[in-house]
Amino acid sequence: MIAARPDAATPSASRGETHSVAPPAAEEPLSPSTGTLDPDHWDDVRAQAHRMLDDMLDYLEHIRDRPVWQPIPDAVRARFRDELPRGPESLTAVYDEFTRSILPYSTGNTHPGFMGWVHGGGTAIGMLAEMLAAGLNANLGGRDHMPIEVERQVAEWVRRMFGFPAGSSGLFVTGTSMANLMAVLVARTAKLGKDARQVGIGERGARLRAYASVAVHGCVSQAMDIAGLGAGALRRIPVDTAHRIDVAALREAIIRDRRDELEPFLVVGSAGTVDVGAIDDLSALATACHEEGLWFHVDGAYGALAVLSPELAARVSGIEKADSVAFDFHKWGQVPYDAGFLIIRDGERHREAFAAPAAYLRRETRGLAAGSPWPCEYGPDLSRGFRALKTWFTLKTYGTERLGTVIAKSCMLARHLERRVQAEPRLELLAPAQLNIVCFRYRSEDADRINAAIVVDLHESGIAAPSTTVVDGHVAIRAAFVNHRTQERDVDALVEATLIFGERHSPQI
Ligand SMILES: Cc1ncc(COP(=O)(O)O)c(C=O)c1O
């Protein structure tokens, strides 16, 4: 019998306390006599803030006691079709609504049973750093202030992590989708020249071709589309039996396109494919790109941070020869969402693709308008939050060795699941666990339907949250171990629940 995990509605309730639903204080904290949005009574806000902080720490400490995920009741969803609030409401009441209606129904990726897609678990340290960043409310588009130095510090650490040369540039973005898009834009401008930014990509741009394996993440073809090159200009190269790009086929495709008077300009290698966690032969891709004069970009959304693990680093060898790498600190780096990053080997090329002088962004050599170049010259965002702070806190408080250990542990969990699947006749492995992802299924004559149903049941039971994908034409249960909280017992719970739900869905003979 599979018991759903208890519905733990509010963190305070799980502590047996009721303070988060206390009636509003006699003095409403947000009734300013000053005409500002600051409270008249800071002590009231302080007391409420301490409760909120305690609640969230409790939430993380006891996350295992909750369901991984639970469906949103209709009544709760309906509460969020409300009118625009015109008047004020007490902070206590709004927070109470948060604890009752939002917190229990979030994605669940903080939970050790979360194994879906590729989601990091976040940490209490990252949460605290987010609070500090919000307090400073810094805008990292530009100007001369310390938060930008923090971002520069992290960029320098990233440069060292990947063995990139001095003169490379890096910055935070939302996620790898954005970082991949920016890399395509930089490679495009590097190929067509800066004028293309003024006059458009023209006929020559229409002849540009990029290459990636059939297993590349969908955001790369989307990037080609958004960059005006067309999703169809991305050549999908077949993969070998280990789901890695077939480098010989890549070389043939490049020759063929050149023969057809097209212009190859970019190869995207994957360090951790989204389906099965395959890592392309990055060294071979670097060599091919070098010989063919092509930009070599690595989509390392989660896999790039394998460089932090001595056991795994060799798997991404060749990444140090890339022209650019996109990856997320919010995945294997465990930094709370969002914290994507793009590093470009040649910082000048990077700047040429985005810098756009404007009178209102005039630079000085002293004063707040000093500190050039500004981050806004390296990407499309002028307003930029302080993502660097939670990453800086994470890197400093844990250190890269500990983060590397967590990364290696998630690959060990994948091997544990692989062994359990191989030992269980009712289950079938659909792809070898290369990194941290295992694709398997419950054996059945109606396997596609049943495995999709099993995953929905797993979600609704609150026990585990894997996702699905299609491997070699078969619907697979896909478990991606990213969250640092996941343990072997969570993997075992996934296997046991899969067997029970599989049995339940199987036609009775
Ligand atoms: C290989 C790969 N590339 C790109 C992405 C997109 O990253 P993001 O969701 O941070 O935009 C993902 C997301 O899981 C991914 O696994």
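In listed order, ligands and their atoms are each counted from 1.
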Check: every ligand 1 N/O to protein N/O pair under 3.5 Å:
from, atom 1, to, atom 2, distance (Å)
ligand 1, 3 (N), D299, OD1, 3.2
ligand 1, 3 (N), D299, OD2, 2.7
ligand 1, 7 (O), K331, NZ, 3.1
ligand 1, 10 (O), T176, N, 3.0
ligand 1, 10 (O), D328, OD1, 3.4
ligand 1, 10 (O), D328, OD2, 2.6
ligand 1, 10 (O), H330, NE2, 3.3
ligand 1, 10 (O), K331, NZ, 3.1
ligand 1, 11 (O), T176, N, 3.4
ligand 1, 11 (O), S177, N, 2.9
ligand 1, 11 (O), S177, OG, 2.6

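In terms of heavy-atom proximity, I237 sits nearest to A253 at CD1-CB, 3.7 Å.
Aromatic ring centres of F162 and F341 lie farther apart than the 6.0 Å criterion allows. The distance between the ring centers of F440 and Y442 does not fall below 6.0 angstrom.
Residues that satisfy the side chain to side chain contact (heavy atoms under 4.5 Å, CB included) test with E292, not counting sequence neighbours, are R251, I254, R258, L294.
Of the residues listed (T123, L403, T405, I407), the one engaging H484 in a side chain to side chain contact (heavy atoms under 4.5 Å, CB included) is T123, and it is the only one.
Remark: the backbone N or O of A353 is paired with a side-chain donor or acceptor of R197 at under 3.5 angstrom.
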